Engineer: 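One structure follows; several queries about it will come next.
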Amino acid sequence: MPDVMSSSRLIGVGVGPGDPELVTVKGVNALRAADVVVVPVMDTGERGRAEATVLHYVPQERIVRVVFALNERSDHARREAAWDAAGERVAELLAAHACVAFATIGDPNVYSTFTYLAQTIGELVPDAVVETVPGITAMQDLAARSGAVLTEGTEPLTLVPVTAGSAVLKDALNGPGTVVAYKFGRLAGEVAEALRETGRIEDAVWGSALGMEGESIRPAGELDGAPLPYLSTLIAPARRDGTRGGKL
């Protein structure tokens, strides 16, 4: 592999949940200033949300598609091999370019593929500078579109990836504050059951494809157990008594 230039930088850019208008000004500037923009794609090859969003700001010829086994959850060896190959490809790009951006949906420090890439690059290219540009998260977008208030006063906020199992979600729902669930589409039935068992379904709301064609925002009470899009988001607001400043 060629020597990496001393000034090479890898920037993880959060491009939000899918609505191209929700990329920050700093994020757009970072994407446009980079020599190339890497976007993660599944090994099935279809265009993902990150790539679709980046295309609003960067021409196709400056975009590099790198395969990650994003949909692989059972074959750990295959997933690790995909991460290694992706890291090698980005290391090659850093050897040829002063600045490489990696576009990730949401925020690069919240359940992002960029975390694994940054760790790999730290091992392969220890002299490269790794930075991140924060992005708007799906829970913020859903809160804005649905009118759900995420936190008030001293309320805690718990974020749970339901890929960890519905039991983890139920534990969070039994606690105080607002609970946000990510990636729950395939377990929608179990999520609805957990909301009902904990008495949290009345004010809860879920959404998918936010800001895009096919957007759906519905009360959680309408969940009937049918599978939803994988990248669905749920907000179960904290129990509140309706008084202004009641949690201060």
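Atoms considered below: every heavy atom in the structure, side chains included; atoms not considered: hydrogens, waters and symmetry mates. Note that the coordinates shown come from a computational prediction; the quantities given were computed from them, not determined experimentally.
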Engineer: So, for I121 and V90, which heavy atoms are closest and what is the spacing to 0.1 Å?
Structural biologist: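 Shortest heavy-atom contact: CD1-CG1, 3.9 Å.
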Engineer: With a 4.5 Å cut-off on side-chain heavy-atom distances among I, L, V, M, F, W and Y, is there a chain of contacts connecting V100 to V37?
Structural biologist: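 No: no chain of side-chain contacts under 4.5 Å links V100 to V37.
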Engineer: Test your reading of the model: is there a side-chain donor-acceptor pair from D35 to the backbone of C99, 3.5 Å cut-off?
Structural biologist: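 Judged by distance alone, yes, a pair lies under 3.5 Å.
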Engineer: I'd like a table of donor-acceptor pairs (distance under 3.5 Å, sequence neighbours excluded) in which one partner is a side-chain atom from residues 26-33, with atom names and distances.
Structural biologist:
residue	atom	partner	partner atom	Å
N29	ND2	V25	O	3.4
R32	NE	Y57	O	3.4

Engineer: CG/L142 to CG/L234 distance, rounded to the nearest 0.5 angstrom?
Structural biologist: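 Atom-to-atom, L142:CG and L234:CG are 8.0 Å apart.
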Engineer: Please check: side-chain N/O of R200 versus main-chain N/O of A236, any donor-acceptor pairing under 3.5 Å?
Structural biologist: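 Checked: pair present.
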Engineer: Atom CD of residue position Q60 - does it have more than 12 heavy atoms of other residues, nucleotides or ligands inside 6.0 Å?
Structural biologist: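 Counting neighbours around CD of Q60, more than 12 heavy atoms of other residues, nucleotides or ligands fall under 6.0 Å, so yes.
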Engineer: Taking all non-hydrogen atoms of both residues, which atom of I136 and which atom of L22 are closest, and how far apart?
Structural biologist: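 Where I136 meets L22 most closely, the heavy atoms are CD1-O, 3.5 Å.
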Engineer: State, with a plain yes or no, whether a side-chain heavy atom of T163 is found less than 4.5 Å away from one of K183.
Structural biologist: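 They are in contact (side-chain heavy atoms under 4.5 Å apart), so the answer is yes.
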Engineer: Given side chains that start at C-beta, do those of I11 and V133 come closer than 4.5 Å, heavy atoms only?
Structural biologist: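 A side-chain contact exists here, since the closest heavy-atom pair is under 4.5 Å.
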Engineer: Looking at L157, is its backbone amide N or carbonyl O close enough to the side chain of T151 to form a donor-acceptor pair, meaning the two atoms are under 3.5 Å apart?
Structural biologist: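 Answer holds: no.
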Engineer: Partners of I201 by side chain to side chain contact (heavy atoms under 4.5 Å, CB included), sequence neighbours excluded?
Structural biologist: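 Checked I201 against side chain to side chain contact (heavy atoms under 4.5 Å, CB included); matches are L195, R196, A220.
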Engineer: For a quick test of reading the model, state the closest non-hydrogen atom pair linking D141 to P17 and the distance between them.
Structural biologist: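 What the structure gives for the nearest pair is OD2-CG, 3.3 Å.
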Engineer: Determine, using ring centers only, whether F102 and F68 are less than 6.0 Å apart.
Structural biologist: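 Yes: the rings meet the under 6.0 Å criterion.
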Engineer: CG/L10 to CG/L117 distance, rounded to the nearest 0.5 angstrom?
Structural biologist: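 Separation between the atoms: 5.5 Å.
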Engineer: Say you draw a straight line from OG of S146 to CG of D203; how long is it, rounded to the nearest 0.5 Å?
Structural biologist: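 Rounded to the nearest 0.5 Å, the OG-CG separation comes to 11.0 Å.
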Engineer: Which atom names give the shortest non-hydrogen contact between A91 and V125, and what distance separates them?
Structural biologist: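 Looks like CB-CG2, 3.7 Å.
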Engineer: OG1 of T233 to CE of M139: how many Å apart, nearest 0.5 Å?
Structural biologist: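 One gets 9.5 Å once the value is rounded to the nearest 0.5 Å.
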Engineer: Just checking, is any N or O donor in the side chain of S112 or T104 under 3.5 Å from an acceptor N or O on the other one?
Structural biologist: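 Yes, T104 and S112 have a side-chain donor paired with an acceptor closer than 3.5 Å.
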Engineer: For the pair L94 and L124, evaluate side chain to side chain contact (heavy atoms under 4.5 Å, CB included) and give the outcome as yes or no after the intermediate values.
Structural biologist: CA-CA 11 Å; L94 285 167; L124 295 176; over 6 Å; no
Engineer: As an exercise, state the distance from CD of E193 to CG of L223, rounded to the nearest 0.5 Å.
Structural biologist: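 Going from the CD atom of E193 to the CG atom of L223 covers 12.5 Å.
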Engineer: In chain order, what residues pass the ring-ring contact (aromatic ring centres under 6.0 Å, His included) check against F184, with sequence neighbours excluded?
Structural biologist: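 Partners of F184 by the ring-ring contact (aromatic ring centres under 6.0 Å, His included) criterion come out as none, since no residue qualifies.
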Engineer: Any non-hydrogen side-chain atom of V179 less than 4.5 Å from a side-chain atom of L169?
Structural biologist: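 Yes, close enough: below the 4.5 Å cut-off.
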Engineer: Which heavy atom of T115 sits nearest a heavy atom of P108, and at what distance?
Structural biologist: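 Minimum heavy-atom separation between T115 and P108: OG1-O, 3.7 Å.
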Engineer: Can you list every salt bridge (charged side-chain N to carboxylate O under 4.0 Å, His left out) pair that touches residues 156-179, not counting sequence neighbours?
Structural biologist: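 Residue pairs passing salt bridge (charged side-chain N to carboxylate O under 4.0 Å, His left out), neighbours aside: K170-E197.
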Engineer: Listing request: all side chain to side chain donor-acceptor pair (under 3.5 Å) pairs with a residue in residues 207-219, at least two apart in sequence or in separate chains.
Structural biologist: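 Only R145-E215 qualify under side chain to side chain donor-acceptor pair (under 3.5 Å).
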Engineer: For residues P161 and Y111, report the shortest heavy-atom separation together with the two atoms involved.
Structural biologist: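 Looking at all heavy atoms of both residues, the closest pair is CD-OH, 3.1 Å.
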Engineer: Just by modelled atom types, is the D84 backbone N or O under 3.5 Å from a matching donor or acceptor in the R89 side chain?
Structural biologist: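 The answer is no, because no donor-acceptor pair under 3.5 Å joins these two groups.
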Engineer: Is it true that I105 and I63 fall in one hydrophobic cluster, defined by side-chain heavy atoms closer than 4.5 Å?
Structural biologist: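 No, it is not one cluster - the side chains of I105 and I63 are not joined through contacts under 4.5 Å.
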Engineer: I want to check something: taking the side chain as every heavy atom from C-beta on, are V66 and V41 in contact at a cut-off of under 4.5 Å?
Structural biologist: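 No, their side chains stay 4.5 Å or more apart.
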Engineer: Roughly how far, to the nearest 0.5 Å, is CH2 of W83 from OG1 of T113?
Structural biologist: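 Rounded to the nearest 0.5 Å, the OG1-CH2 separation comes to 8.5 Å.
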Engineer: Verify, without hydrogens or angle tests, whether S232 (side chain) and L228 (backbone) share a donor-acceptor contact under 3.5 angstrom.
Structural biologist: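 Side chain of S232 to backbone of L228: no pair is present.
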Engineer: Is the shortest side-chain heavy-atom distance between P219 and V205 below 4.5 Å?
Structural biologist: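 With C-beta onward as the side chain, the pair stays apart.
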Engineer: Strictly by side chain to side chain donor-acceptor pair (under 3.5 Å), give each pair with a member in residues 129-139 just once, sequence neighbours left out.
Structural biologist: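 Every side chain to side chain donor-acceptor pair (under 3.5 Å) pair that includes a residue of residues 129-139, provided the two are not neighbours, is R9-E131, N109-T132, T137-Q140.
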Engineer: May I ask whether V64 and F114 are part of the same hydrophobic cluster, defined by side-chain heavy atoms of I, L, V, M, F, W, Y residues being less than 4.5 angstrom apart, directly or through others?
Structural biologist: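 Both belong to a single hydrophobic cluster.
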Engineer: May I ask whether V39 and V15 are part of the same hydrophobic cluster, defined by side-chain heavy atoms of I, L, V, M, F, W, Y residues being less than 4.5 angstrom apart, directly or through others?
Structural biologist: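 Yes, because V39 and V15 connect within a single hydrophobic cluster, where side-chain heavy atoms sit under 4.5 Å apart.
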Engineer: Are V54 and V38 co-members of a hydrophobic cluster defined by side-chain heavy atoms under 4.5 Å apart?
Structural biologist: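 No; V54 is not reachable from V38 via cluster members.
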Engineer: List the steps and the verdict of side chain to side chain contact (heavy atoms under 4.5 Å, CB included) for R62 and V36.
Structural biologist: CA-CA 5 Å; R62 287 180 47 224; V36 294; 5.5 Å; no
Engineer: Has T178 got a side-chain atom pairing as donor or acceptor with L150's backbone, closer than 3.5 angstrom?
Structural biologist: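 It does hold such a pair.
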Engineer: One pair to check against side chain to side chain contact (heavy atoms under 4.5 Å, CB included): H56 and E21. What are the steps and the verdict?
Structural biologist: CA-CA 9 Å; H56 285 266; E21 292 187 339; over 6 Å; no
Engineer: Walk me through it: do L159 and V110 pass the test side chain to side chain contact (heavy atoms under 4.5 Å, CB included)?
Structural biologist: CA-CA 10 Å; L159 176 59; V110 180; 3.9 Å; yes
